[in-house]
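See below for the structure under consideration.
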Amino acid sequence: MASAIQPGRGDFRSVEGGDSELSKMGNTLITKFHVLMRLSHIYDSKNIALRQFIQESLQVLNTFIEKKGYLSLKIVADDIFLNEQRLRYSIEGFTSFKYLLTQWKKRLIGEVVYKGPLVEDSLRDFIYLLMELEEGREENATLFHQRLMGRGITSIEVNPLEVTEREEGVATLAKEDSREVAKKVFFETIGTVKEVITNIKGKQQADVRRLKRLVRKAVHLVMEDESILLGMTTIKNYDEYTFNHSVNVAIYALAMGRRLGFSRGVLSELGITAMLHDIGKSKIPIEVLNKPAALNEEEWGQMKRHPITGVEIVLNLKQLGEVNPKMVIGIFDHHLKNDLSGYPKLFHKKGVSLFGRIIQIADAYDAMTTPRIYKKVPYRPEQALAIMLKDRDVHFDSILLKMFIGLVGVYPIGSLVLLDTHEMGIIFKTHPDPQWVERPQVILVERGKQGKMEKRLVDLTERNGQNGFKRSIVKILDPNKYHIDIAKYFL
Ligand SMILES: [Fe+2]
Ligand SMILES: [Fe+2]
């Protein structure tokens with residue numbers, strides 16, 4: 001899979017900046033295409049509901065074309081480019097992205113360019129002709145183009161999917177299966193957390209049954225192979241911080257719980273607790289949450305109340321079923337710190353609960369390694385771990401912290417490293433045998449043909465034939481300096 005290592009494009013800052021409007025527009029467009037393609041399966045081309053949707057879609061498409069002069073959608077590996085800019089999908093947009101990518105790839109269509117505004121007939125014909133293409137047929141792009149011309153549609157250009165993408169796609173498909181499941185669970189969970197939080201904000205009934213179901217699936221995945229979900233935590237989605245953060249904290253907590261030997265039942269409780277640990281923040285005004293400057297006293301007061309508000313909310317959640325005290329206390333405890341110097345203030349000093357201690361570590365690590373409005377360049381994984389180790393006695397349970405470091409690795413998953421072969425690599429999976437902590441699996445960051453980045457997995461325990469190893473890690477690098485979007489390697 002090629003990655004978008006493009007200066008000023010693949011990294012977070014670019015998305016926050018100038019092209020976020022394009023990104024939004026792109027998401028709307030992709031969703032429209034997704035619905036149109038689906039509707040074409042259900043309705044014949046004369047259907048009234050379809051017509052209405054085509055009209056709506058035309059408005060969006062034509063506004064874009066009028067503004068930019070043309071509209072091009074191009075698939076490069078697993079990315080969609082809108083007028084040469086890589087689109088970053090929103091959490092809600094994930095399904096639509098996936099659908100468009102799969103449908104176009106199956107038909108070996110790689111690019112479509114609309115060179116002028118469309119009318120109802122041309123958009124309808126475009127969608128139906130596209131979906132009628134036989135899967136896997138080499139000449140599809142040419143055929144498609146000829147058929148469009150046959151209908152008098154000359155303003156749409158179609159290009160085939162690039163060869164290298166196809167070969168890679170087929171080869172990696174089989175082994176990517178559980179990764180696909182993990183991705184689905186991950187994004188669905190973020191969407192569900194978002195729904196729950198939004199409902200609580202709007203004082204509506206929040207349905208947590210779905211969340212419970214998803215947590216059970218996540219538990220299953222973590223039991224099978226923790227590294228897959230751990231890899232997903234590198235997707236630091238800036239716009240969706242709260243939801244993304246909740247899910248990441250749950251993943252770290254689950255992986256820790258698993259190493260502590262928790263049963264599936266206890267793991268599910270831990271997962272839900274971690275997922276809801278910041279639910280009390282839903283009662284804090286967004287201006288306070290996202291304030292770029294330091295908080296004043298009153299705002300701090302509001303912030304410090306969120307563990308208690310969280311407890312109140314969880315106790316009132318119907319459908320959560322039996323609420324185990326461990327869950328409530330875990331939420332209450334998560335900012336207490338190891339020496340009890342955190343908040344809320346206690347009348348009776350007692351230690352932090354086990355759930356609380358686990359969540360403290362997961363919470364701190366994820367918060368530090370994620371870009372925020374008030375800290376746009378986050379700490380790198382190894383920096384965050386170093387800071388946590390320094391203050392360990394104040395903040396954390398040091399035994400659990402050691403275990404956490406073992407979990408994310410001496411070289412944490414998602415770190416960019418320099419190898420003694422002068423290659424760059426991204427830590428993909430820690431070695432299951434502790435004697436090889438310094439020899440994880442690494443994805444090489446390589447420049448392939450046409451300057452595109454490609455993905456190759458190597459094992460650092462591989463020997464070189466003499467007495468040494470083929471590759472060893474020299475040092476950790478800063479991905480921002482190299483414009484590398486780490487998350488791309490885990491999707
Ligand atoms: Fe919190
Ligand atoms: Fe948190």
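Nothing fancy with the numbering, it's 1 onward along the sequence. In this text the structure is predicted, and so the values were computed from the model without any measurement. One-based numbering, in listed order, for ligands and for the atoms of each.
For the residue pair Thr192 and Arg213, no side-chain donor N or O sits within less than 3.5 Å of a side-chain acceptor on the partner.
In this structure, Asp459 contributes its side chain and Gln441 its backbone to no donor-acceptor pair below 3.5 Å.
Here Asp225 pairs with Lys429 in a salt bridge; the nearest charged N to carboxylate O distance falls below 4.0 Å.
Annotation: protein N, O or S atoms under 2.8 Å of the Fe ion (ligand 1) (waters excluded) comprise Asp278 OD1, His306 NE2, His334 NE2, His335 NE2.
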Could you list the donor-acceptor pairs under 3.5 angstrom formed by side chains in residues 378-390, with sequence neighbours left out?
{"residue": "Arg380", "atom": "NE", "partner": "Glu382", "partner atom": "OE2", "Å": "3.1"}
{"residue": "Arg380", "atom": "NH2", "partner": "Glu382", "partner atom": "OE2", "Å": "3.3"}
{"residue": "Gln383", "atom": "OE1", "partner": "Arg380", "partner atom": "N", "Å": "2.7"}

Could you tabulate the donor-acceptor pairs under 3.5 Å formed by side-chain atoms of residues 305-316, not counting sequence neighbours?
{"residue": "His306", "atom": "ND1", "partner": "Met303", "partner atom": "O", "Å": "2.7"}
{"residue": "His306", "atom": "NE2", "partner": "Asp278", "partner atom": "OD1", "Å": "3.0"}
{"residue": "His306", "atom": "NE2", "partner": "His334", "partner atom": "NE2", "Å": "3.3"}
{"residue": "His306", "atom": "NE2", "partner": "His335", "partner atom": "NE2", "Å": "3.2"}
{"residue": "Thr309", "atom": "OG1", "partner": "Arg305", "partner atom": "O", "Å": "2.9"}
{"residue": "Asn316", "atom": "ND2", "partner": "Glu312", "partner atom": "O", "Å": "3.1"}

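Judged as a side chain to side chain donor-acceptor pair (under 3.5 Å), the pairs with a partner in residues 412-426 (not counting sequence neighbours) are, in order, Thr421-Glu423, Glu423-Arg471.
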